[in-house]
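Indexing begins at 1, ligand by ligand and atom by atom, following the structure's order.
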Amino acid sequence: MSVVGFDVGNESCFIAVARGGGIETIANEYSDRRTPSVVSLGERSRGIGTDGKNQMIFNLKNTVSQFKRLIGRKFSDPIVAEERKRQTCLLVEQPGNSIGVKVRYLGKEEVFSPEQIMGMLMTKLKVISEAELSTKVTDCVVSVPSYYAERQRRAMLDAVAMAGLNCLRLMNDTTAVALAYGIYKQDLPTEKPRIVVFVDMGHSSLQVSACAFVKGQLKVLATVADPNLGGRNFDEVLKDHFTEEIKFSVMGAGARAGAGFFCQAGLVAGLQVGRALGCSGCLGLGSAVPSLHIACDEGVNTQLKEKKQRYKLDVASNVKAGIRLIRECEKLKKLMSANSQDIPLNIECLMEDRDVTGKMKRSDFEEKIQSLLQRVESTLQSLIQKSGLKVSDVEAVEIVGGSTRVPIVKDIIKKIFDKEISTTLNADEAVARGCALQCAILSPTFRVREFSVTDAAPYPICLTWKSQSDDEGEMEVFAVNHAFPFSKMLTFYRKEPFTLEASYGKNVKLPLEDGFVGDRIIQRSEDKEKGKCTAGGIVCSSCPERIILNRQYGNDYLYRAPVRSGSYSVQDVTPTKEDESSKVKVKVRLDIHGLFTVVNASMVEKMGTATDIEQDKMEVEGQEDKATEAEAAAAAESTTEESKGTGDEPMETSTEQNTDSSEQKGDAAKEKEAETAENGKETKGKKDNGAPAKKKKQQVKTIELRIDSTAPGLTSAQLREKVDRENQMILQDRKEREKGIAKNAVEAYVYEMRGKLCSQLEKFITEEARATFVSELEQTEDWLYEEGDDQSKKVYQEKLDALKKTGDPVVTRFQESSTRPAAFEELGRSL
Ligand code: ATP
Ligand code: MG
């Protein structure tokens, strides 16, 4: 059984496996541990990972990258509108406001969902792991950003399933890092927890979490994120800067060799000199592009103006040039992390057959990304605020993710937490390693040190329902940062079937950093009227769109309150024999993946008569609910002892926490055992009215109720269809790969034999036969470039066999002649 962890990044993925008693990251077919998250759909097969990235520049329209940002989102989502600008392929609206990726694949137009594209990447990761482990890989743990909402989590699970993988846990990035950090620590305290903050700044997002460690346990206390802030934003700032420079031809931008002109910008006097000389042209330009170094004499300025006309290059109008420029900007950014001097940017033949050169130094870069750095700072501040921790409580700050290598980002982290930051973890591999460790913990066949992982919910989950009087009821079942996996038992009093709607909460004030759940609408304050609601930061419950107004980075934004994440209809509820409301117990769970689910529902039927019940009894149970035997028993048996109150509150709750193993191993006995382990702090929802509570034990019968649920994600029939399509594509890729191998074998044989026929094989074939064979080889070579360019594997094999029919006897004669003297010698010695 495989133990594999996948870190699925927006830019690239890492894979870690359990092998030889430890956890190690593995390399792909190019001996690279980093596999780009890029899928390129081709005329004959798919290029995924490194192949996808390599093919991108030649196949822009059919290449998809950064699809981690698209899964689980609606087409109308403003974030999708932003992402469309970054895609080179076409995104189209599909039925149900879903996203379609329109590409040409195998000579035909086809529309894939982002989840299918993610499924393709997962297939690639699976293939890499299988090749490395020489075994079938099924079970795995996959990383997701902590800010992923319900729909995105379900989308990721669908994608993983499309690749034929079984995801034991979707693990939040920073939680995986925390596990990779904690499990090897021998010195964790037994009582007062050690608080460690983890910062992961990757390609497209910044995630921060505060975790408490005690021996054998890790608990995420709080997690915050800026889901739209990562290294790509830095690259885009650089790209915008150089795009402007190239547009106005102030960088070196010259025709290719021979065409004559190379702009000399950057080689002459600086802006200050220009100002000192009172050169108006230079001042004008200088203030627009402060990093500029321009010759400050009128003559040169005039020349520059001319160049502006002659060498104006608009990178924004050329997708390929844009891709090349941003790739170079990323390289420049990385170099600036290591060096504070001027770093050159040189791109040959960027567009219109012209080379461009430019330069930047770290201090200029830091100035340009100021507004982004402020967001880093406010995200970190927000963690302190939300976790309720003091900076002095934090013992260590660990950083991972490529973008934490930017020196000024490190400085900010250091400043906010007032301590040196630790880099004990591998910044690139920690997430994958944490996922593999979690997979090992969950795997029944793998022995690993006991270590429990309790995560924190990024959003509050609310349930709403209609009561019999048709009023809407609402309850926050899981508060923000609530521990998960976690189960609760809710009790309703109903005479008929009823429906529970799960959402991220109507009256929840969404903090800015988290204000991106579900369908976010971002509008500038000018559009405020459109939203019809302006209550600062508060949901307007009267307006149907449930708009929230919030202020972020000086702008007002309107958010549509998070969408409902699922609907659960509890069926078969009937009144009691006395026509009273029946007691209905509903078990809800924030599961191991961070998904809200209604696990089961049952109706508790009293075996006695109604007079046995104390009508006035109310109770308060404010303790953490340690043992949930009643619930476990209700699941296991048909009758049980119950104490009963009939307050008119619609429901009450009790809580329990599942351990990871109970989620996975799932049989009743294990679950019962696990559910007694640890608990949260929810209270049972009944108030004490001071009346004496007489308890009477009563025999009850529990009837399981059917639940009709609709949750986001694919139905099983839809998923099956996608799995089939993925399997067809896998077959096609395999066929194409095998065909390629067969074709290469023919090509290699032609070259090898042609060479050898003029050297070592020359004496072992007659001149006439050699001439015929050489001509046959030449014809085959021509055929390979023409008609034989795209044939089936069988055709190539037949071609090779035909050539070998002539070639093999020659090779045999050569081999015999070289082995015969040695054989004679051997024979002579033995005689
Ligand atoms: P995400 O976590 O957002 O889904 P990811 O996991 O693919 O994305 P990482 O691999 O952690 O992202 O980080 C990639 C980012 O880090 C890129 O933007 C890359 O340019 C940046 N990066 C890598 N090395 C450096 C460096 N030395 N200096 C600055 N930035 C760097
Ligand atoms: Mg990452």
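Comparing K333, R405, E429 by heavy-atom distance to atom 21 (C) of ligand 1, the nearest is K333.
Close approach to G9 involves these atoms of ligand 1, each under 4.0 Å from a residue heavy atom: 4 (O), 5 (P), 6 (O), 7 (O). The atoms of ligand 1 that sit less than 4.0 Å from any heavy atom of G231 are 18 (O). Of all atoms in ligand 1, numbered sequentially from 1 with element shown, those under 4.0 Å from a heavy atom of R34 are 10 (O). Within ligand 1, counting atoms from 1 as listed, the ones closer than 4.0 Å to a heavy atom of K68 are 1 (P), 4 (O). Distances below 4.0 Å separate heavy atoms of G401 from the following atoms of ligand 1: 11 (O).
Considering backbone and side-chain atoms together, Q207 places no N or O closer than 3.5 Å to any N or O of ligand 1. Residue-to-ligand polar distances place N10 within reach of ligand 1: an N/O pair is separated by less than 3.5 Å. Between G402 and ligand 1, an N or O atom pair is found at a separation short of 3.5 Å. Considering backbone and side-chain atoms alike, D428 places every N or O at 3.5 Å or more from each N or O of ligand 1.
A salt bridge links R232 with E83: the closest approach of a Lys/Arg side-chain nitrogen to an acidic carboxylate oxygen falls below 4.0 angstrom. The residues K334 and E330 are annotated as salt-bridged, a charged nitrogen and a carboxylate oxygen being separated by less than 4.0 angstrom. Ion pairing between K247 and E244 holds under the 4.0 Å rule for side-chain N and carboxylate O. Comment: K331 engages E328 in a salt bridge, judged by a side-chain N to carboxylate O separation of less than 4.0 angstrom. With salt bridges taken as basic N to acidic carboxylate O contacts below 4.0 Å, none links D733 and K124.
Contacts with ligand 1 closer than 4.0 Å are made by no heavy atom of M336, backbone or side chain. Contact annotation: for E330 versus ligand 1, heavy atoms closer than 4.0 Å belong to the side chain alone. With a 4.0 Å heavy-atom cut-off, ligand 1 is reached by the side chain of S337 but not by its N, CA, C or O.
The closest approach between S204 and ligand 1 falls below 4.0 Å for a heavy atom of the residue.
Tested against Q207 for a side chain to side chain donor-acceptor pair (under 3.5 Å), the candidates T223, T379, T175, D173 yield a single pass: D173.
The aromatic rings of F213 and F451 sit tilted relative to each other, their planes meeting at an angle between 30° and 60°.
The local environment of NZ in K361 is sparse, with at most 12 non-hydrogen atoms from other residues, nucleotides or ligands closer than 6.0 Å.
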Could you list the donor-acceptor pairs under 3.5 angstrom formed by side chains in residues 408-415, with sequence neighbours left out?
unit_1: K415; atom_1: NZ; unit_2: E377; atom_2: OE1; d: 3.3
unit_1: K415; atom_1: NZ; unit_2: E377; atom_2: OE2; d: 3.1

